[in-house]
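Shown next, in structure tokens, is the structure this report addresses.
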There are 2 protein chains.
Amino acid sequence: MSIHTNLINAIGHFIRMDEAEQSFVSSLFVSREYQKNDYFLREGQVCREAGFIEKGLIRYHSIKDSGEDVTLDFGKENEFTCNYESFLDHSPSQRSIQCIEPTEILAISYENLQLIYSKVKEGEKFGRLICEYLYLQAIKKVSSFYGDQPEQRYLHFINSYPDLQQRIPQYYISSFVGVKPPSLSRIRKRLSM
Amino acid sequence: MSIHTNLINAIGHFIRMDEAEQSFVSSLFVSREYQKNDYFLREGQVCREAGFIEKGLIRYHSIKDSGEDVTLDFGKENEFTCNYESFLDHSPSQRSIQCIEPTEILAISYENLQLIYSKVKEGEKFGRLICEYLYLQAIKKVSSFYGDQPEQRYLHFINSYPDLQQRIPQYYISSFVGVKPPSLSRIRKRLSM
DNA sequence: TAAATTTATTAACCTGGGTGAACGAACCGG
DNA sequence: CCGGTTCGTTCACCCAGGTTAATAAATTTA
């Protein structure tokens with residue numbers, strides 16, 4: 001039985017596992033295939049699986065009361081994904097996870113993740129570290145929104161994700177940056193002069 | 001030897017502890033007193049202690065490159081505090097924690113927190129849960145900044161912290177909401193009409 | 001390839017927040 | 001109780017982003 005190498009490597013950045021644990025952990029994930037615009041999670045549903053992105057590109061988004069579609073973040077190959085708050089307390093998710101490229105995700109159920117926490121020696125530590133990591137990500141975004149103007153946020157985006165810029169439509173980027181498409185065009189024009 | 005009741009109750013919201021564990025945990029914290037405008041943590045320092053606010057009020061803030069003082073969040077009685085990212089990886093803190101009232105904080109060193117993780121039965125779980133909690137807080141703020149106009153963020157603030165509104169100067173609130181004082185005045189005027 | 005659709009840019013006008021300064025109120029310390 | 005500082009509000013002006021709509025470019029589909 002082959003193991004999911006990329007996944008195990010990714011978890012290996014957080015904790016040590018022996019071979020038996022690696023096989024065990026790997027066996028708890030199932031592979032899921034998505035086409036462009038398919039959803040890994042829809043707003044209103046409970047997020048019952050966490051995922052590891054083997055291949056592809058996702059965006060986190062939600063629909064505001066006004067009906068506006070807001071892109072909150074992106075995720076790509078070798079990153080973990082889920083709506084953590086929904087996943088943790090089984091509450092309806094406030095945001096969707098949509099694949100914006102053909103995407104392959106290794107998914108693990110809440111119950112199976114608890115098995116990792118309880119059966120793997122450093123499983124509980126893994127849960128803590130992955131959460132800490134997600135926390136740092138969130139904090140960085142808060143800081144960026146407090147400290148930066150839209151123009152700086154855009155620059156920050158293209159510097160942080162130079163490879164993603166080509167793979168993501170402008171209107172998702174503008175939404176992510178926090179402005180409307182005409183404004184992002186103006187920003188891009190300003191920057192090119 | 002008396003234990004820190006509020007603290008133990010707060011931790012008790014996350015995990016179960018027997019009496020011996022409660023005493024042990026309590027003994028790892030030391031009480032620190034701060035006057036108004038004193039700092040629990042200064043930008044640039046490594047955050048070597050996490051704290052539990054027994055009494056008082058703090059604000060998280062940072063100084064932008066432009067020199068502007070930005071208030072990122074507030075914390076009050078019975079809440080935990082630290083700069084988690086600095087605390088976790090011993091990196092220089094990007095933000096300060098300032099007491100804006102006379103404040104009493106029960107502090108625990110990084111090393112002693114590791115003792116909780118390792119010696120208390122559900123210690124590792126506590127670390128995970130407290131991080132999850134901080135994560136949810138951060139996520140909520142990100143969502144708020146994406147979804148809301150300054151006016152809505154202000155309304156959200158006074159609804160979420162009705163008791164804090166009297167205790168916090170306007171210019172900290174305006175900074176927290178993400179606008180300048182004159183703009184917050186205009187918002188307040190609009191809302192009162 | 002042509003037509004249809006989607007996406008990106010541009011223009012004109014509007015709105016809300018930033019800036020700098022003035023004013024008054026509240027809060028200190030002497 | 002007074003003088004000084006700090007704090008909140010208001011004013012006038014400016015600017016960046018929002019809005020709507022038109023247009024152009026790119027992508028899809030037939």
Side-chain angles (χ1 to χ4, degrees), chain A residues 35-38 56-57 59 61 63-72 74 98-102 144-158 161 164-193, chain B residues 35-38 57 59 61-72 74 98-102 144-158 161 164-193:
Chain A
Q35 305 200 315
K36 184 176 175 178
N37 294 334
D38 280 356
L57 190 56
R59 73 178 184 116
H61 74 105
I63 309 295
K64 298 204 306 190
D65 298 340
S66 61
E68 185 187 354
D69 179 325
V70 186
T71 295
L72 302 162
F74 301 101
Q98 183 184 30
C99 303
I100 57 180
E101 286 180 1
S144 169
F145 262 77
Y146 268 110
D148 296 345
Q149 295 295 108
E151 179 171 320
Q152 293 169 301
R153 291 201 295 272
Y154 175 67
L155 284 171
H156 186 260
F157 167 74
I158 57 176
Y161 309 98
L164 289 194
Q165 209 196 342
Q166 341 304 340
R167 295 163 66 183
I168 300 173
Q170 293 292 324
Y171 55 93
Y172 287 156
I173 297 178
S174 75
S175 175
F176 174 75
V177 168
V179 298
K180 304 293 176 186
S183 184
L184 182 59
S185 275
R186 287 188 282 240
I187 290 170
R188 287 158 58 84
K189 191 175 185 181
R190 281 205 300 271
L191 292 174
S192 69
M193 295 193 297
Chain B
Q35 305 202 315
K36 183 176 175 179
N37 295 334
D38 280 356
L57 189 57
R59 74 176 182 117
H61 74 104
S62 64
I63 309 296
K64 297 206 303 188
D65 298 339
S66 61
E68 186 187 354
D69 180 324
V70 186
T71 295
L72 302 162
F74 302 102
Q98 183 184 31
C99 304
I100 57 179
E101 287 181 358
S144 167
F145 262 77
Y146 267 110
D148 297 344
Q149 296 295 107
E151 179 170 321
Q152 293 169 301
R153 290 201 295 271
Y154 175 67
L155 284 170
H156 187 258
F157 167 74
I158 59 178
Y161 309 97
L164 289 194
Q165 209 197 341
Q166 341 305 338
R167 295 163 66 183
I168 300 174
Q170 292 292 323
Y171 54 93
Y172 287 157
I173 298 179
S174 74
S175 175
F176 173 74
V177 169
V179 298
K180 304 293 174 186
S183 185
L184 182 59
S185 274
R186 288 188 283 240
I187 289 171
R188 287 159 59 83
K189 191 176 187 181
R190 281 204 302 271
L191 292 174
S192 69
M193 293 194 295

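Just so it is clear, the structure is predicted and the values come from calculations on it, not from any experiment. Residue numbers start from 1 in every chain, and the chains themselves are labelled A, B, ... in the order their sequence lines are given, proteins ahead of strands.
- When atom types are taken as modelled, the side chain of B:R153 and the backbone of B:D148 share a donor-acceptor pair closer than 3.5 angstrom.
- As rounded to whole Å, 12 Å separates atom P of D:dG8 from atom CD of B:Q165.
- Summarising the local packing, CD of B:Q149 is surrounded by 12 or fewer heavy atoms from other residues, nucleotides or ligands at distances under 6.0 Å.
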Side-chain polar contacts of residues 176-188 of chain A - donor-acceptor pairs under 3.5 angstrom, sequence neighbours left out - could you list them?
from   : atom 1 : to     : atom 2 : distance (Å)
A:K180 : NZ     : A:E68  : OE1    : 3.2
A:K180 : NZ     : A:E68  : OE2    : 2.4
A:R188 : NH1    : A:Y154 : OH     : 2.9

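- Atom CZ in A:R167 sits about 18 Å away from atom P in C:dT7, given to the nearest Å.
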When you compare the protein's N or O atoms with those of nucleotides 23-30 of chain C, which come within less than 3.5 Å of each other, and at what distance?
none

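- In this structure, CD of A:Q149 is placed 12 Å from P of D:dG18, rounded to the nearest angstrom.
- DNA chain D lies under 4.0 Å from at least one heavy atom of each of the following residues of residues 172-189 of chain B: B:P182, B:S185, B:R186, B:R188, B:K189.
- Taking atom CD of residue B:Q152 and atom P of nucleotide C:dG17, one finds them 11 Å apart after rounding to whole Å.
- Comparing atom distances between the A:Q170 side chain and each of C:dT9, D:dG17, D:dG8 picks out C:dT9 as nearest.
- Applying the 4.0 Å criterion to OP1 and OP2 of C:dG17, one finds that B:R190 has a side-chain N or O inside that range.
- You'll find the side chain of B:D69 stays beyond 4.5 Å of the side chain of B:Y171, heavy atoms only.
- Rounded to a whole Å, the CG atom of A:L191 is 15 Å from the C1' atom of D:dG17.
- Protein atom OH of B:Y171 is 12 Å distant from nucleotide atom C1' of D:dT5, rounded to whole Å.
- With hydrogens and angles ignored, the 3.5 Å screen pairs no side-chain donor or acceptor of B:Q98 with any backbone N or O of B:R59.
- Judged by distance alone, the side chain of B:S175 and the main-chain N or O of B:T71 form a donor-acceptor pair under 3.5 Å.
- Listed here is the closest heavy atom pair of A:R167 and A:G56: NH2-O, 3.4 Å.
- Annotation: A:K64, atom NZ; neighbour count of heavy atoms from other residues, nucleotides and ligands within 6.0 Å is above 12.
- Across the protein-nucleic acid pair, A:I168 atom CD1 and C:dT7 atom P stand 14 Å apart, rounded to whole Å.
- Of all heavy-atom pairs spanning A:I100 and A:K36, the tightest one is O-CG, 3.7 Å.
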